[in-house]
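Before any comments, here is the structure.
All values reported here derive from a predicted model rather than from experimental measurement.
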There are 2 protein chains.
Amino acid sequence: MGSSSAARVQSALGRLLQRGTRMHLYDRVVDGVEGVDATLYPVLSGVARIGPVSATELAAVIGLDRTAATRYATRLESAGLMSRRPDAADARATLLELTPHGRKAVARMRGNLTRAINDILDEWQPAQAEQFAAALDDFVSRLESLA
Amino acid sequence: MGSSSAARVQSALGRLLQRGTRMHLYDRVVDGVEGVDATLYPVLSGVARIGPVSATELAAVIGLDRTAATRYATRLESAGLMSRRPDAADARATLLELTPHGRKAVARMRGNLTRAINDILDEWQPAQAEQFAAALDDFVSRLESLA
DNA sequence: TATTGTTATACTCTATAACTATA
DNA sequence: TATAGTTATAGAGTATAACAATA
């Protein structure tokens, strides 16, 4: 049945999702990156992943409200990390994209996160790390589609 | 080096910690449990795990502010799920513990979460699930102690 | 009529500061 | 003097509602 595995996953997941753990990790990721805090990070990272993108679509992807997305975009624009341009295909829409500074910030944040993760994975056998990465990826995908 | 594993873990972790994913999971967990929402769940669950416990110690464990812990405890007390009693060993302290209703609520929430996780793990080989559970547990522990 | 971007508004969460009681 | 609990207050995040422009 695997109930015992479920109990362990449940406990670990609970600790992982806890505010303190999350915030600490985010703080570490945005450390030394000007104009980005733990709140803005998912927004900037989302545009890096799927941009150029409209605020409405971005909001849906990163699980945020449309109005919050537009406000955070404004903050990132003020910080010179993001820019807006009209969508040639739809005059109602505005496309969000990264500026060169924004791309540099994302690269730095990803480096911070990769470093933190490698600090952990390096304690394991490479094969074990590989297996964990694949399993976690699959687990999260299934979790997202539980809907 | 395992950089490729790190990249996969990074991507999966990003999606997992995203607000939308987290809230959806929490909503699922508290579904049908009277008096508990996604905010109160970690508090109630924390007391179930380590109670009877003082508000200050609870706050430290679940990564919350002391003042928030005491306010949430009040809400849970009003809902009849938690109770306060003086600490015989220290007259300054108040111990938080679950009422019978609180214990029933926690059992129900854990059932919800275990069911959701088993929906995922059941797709895997038992040995693979077991290995993932152990790896995730270890990963989270190391993440917590990166400090 | 529906949708995009945006702003205004209200509500919730969280942290800081301050107060009281006890160690 | 330090610590536990609590309350008051302010700041930040988020959702709902409403508006103008375009589909």
Side-chain angles (χ1 to χ4, degrees), chain A residues 17-24 26-27 30 35-47 50-79 82-97, chain B residues 17-24 26-27 30 35-47 50-79 82-97:
Chain A
L17 295 182
Q18 221 148 61
R19 181 187 156 76
T21 311
R22 196 171 71 246
M23 284 313 181
H24 185 207
Y26 280 169
D27 284 344
V30 301
V36 187
D37 59 22
T39 308
L40 263 21
Y41 164 64
V43 179
L44 196 65
S45 170
V47 173
I50 62 171
V53 64
S54 71
T56 299
E57 190 186 339
L58 175 68
V61 169
I62 65 177
L64 219 68
D65 190 81
R66 218 174 44 153
T67 65
T70 204
R71 250 175 314 102
Y72 292 156
T74 300
R75 281 168 58 182
L76 287 164
E77 196 179 22
S78 300
M82 198 177 280
S83 62
R84 286 176 158 100
R85 66 172 167 85
D87 184 347
D90 186 338
R92 294 172 304 177
T94 300
L95 293 178
L96 303 171
E97 59 189 349
Chain B
L17 295 182
Q18 220 149 59
R19 181 188 158 77
T21 311
R22 196 172 71 244
M23 284 311 181
H24 185 206
Y26 280 171
D27 284 345
V30 302
V36 187
D37 58 24
T39 307
L40 263 22
Y41 164 66
V43 180
L44 197 63
S45 171
V47 174
I50 63 171
V53 65
S54 70
T56 297
E57 190 186 339
L58 175 67
V61 169
I62 66 177
L64 218 70
D65 189 81
R66 219 173 46 154
T67 65
T70 203
R71 251 175 312 102
Y72 292 156
T74 300
R75 281 168 59 182
L76 287 164
E77 195 179 23
S78 300
M82 198 177 279
S83 63
R84 284 177 159 100
R85 68 173 167 84
D87 183 347
D90 187 339
R92 294 172 303 178
T94 301
L95 293 177
L96 302 172
E97 59 190 348

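Using a distance-only test at 3.5 Å, with no hydrogens or angles considered, a donor-acceptor pair links the side chain of S78(A) to the main chain of T74(A). Checked by atom type and distance alone, the side chain of R85(A) never pairs as donor or acceptor with a backbone atom of L95(A) at under 3.5 Å.
Atom-to-atom, CG of D27(B) to C1' of dA15(D) comes out at 14 Å; the value is rounded to the nearest Å. When rounded to the nearest whole Å, the span between OH of Y72(A) and P of dT7(C) equals 15 Å. Nucleotide dT4(C) holds its C1' atom 16 Å from the CZ atom of R85(A), rounded to whole Å. Taking atom CG on L95(B) and atom C1' on dT3(D), their separation rounds to 15 Å, with Å as the unit. Note: CD (E77(B)) to P (dT6(D)) measures 8 Å, nearest angstrom. Straight-line distance from the CG atom of D90(B) to the P atom of dA4(D): 8 Å, rounded to whole Å.
Looking at heavy-atom distances under 4.0 Å, D87(A) makes no contact with the nucleic acid at all. Nucleic acid contact for A91(B): sugar-phosphate only, since backbone atoms but no base atoms lie under 4.0 Å from a heavy atom of the residue. Among the atoms of the strands shown, only primed sugar atoms or phosphate atoms (P, OP1, OP2) are found under 4.0 Å from some heavy atom of A93(A).
Residue T56(A) has its side chain nearest to dT4(C) when only dG5(D), dT4(C), dT16(D) are considered. Closest to the side chain of R92(B), out of dT3(D), dT16(C), dC13(C), is dT3(D).
R71(B) places none of its side-chain heavy atoms less than 4.5 Å from the side chain of D65(B). Proximity of R92(A) to T56(A): side-chain heavy atoms (C-beta onward) are nowhere separated by under 4.5 Å. No side-chain heavy atom of R75(A) sits less than 4.5 Å from a side-chain heavy atom of V43(A).
Under 3.5 Å, the side chain of R71(A) and the base of dT7(C) form no donor-acceptor pair of N or O atoms. Judged by distance alone, with hydrogens and angles left aside, R66(A) brings no side-chain donor or acceptor close enough to the base of dT4(C) to form a pair under 3.5 Å.
For the pair R84(B) and dT6(D), the criterion of a side-chain N or O lying under 4.0 Å from OP1 or OP2 is met. Contact annotation: R19(A) side-chain N/O to dG13(D) OP1/OP2 distance is not under 4.0 Å. The shortest distance between the side-chain N/O atoms of T39(B) and the OP1/OP2 oxygens of dC13(C) is below 4.0 Å. Contact check, T70(B) against dG5(D): no side-chain N or O comes under 4.0 Å of OP1 or OP2.
Across the interface with DNA chain C, nearest-nucleotide mapping of D65(B) and T74(A) shows T74(A) to be the residue nearer the 5′ end. In terms of position on DNA chain D, the residue among T67(A) and A55(B) whose nearest nucleotide sits closer to the 5' end is A55(B).
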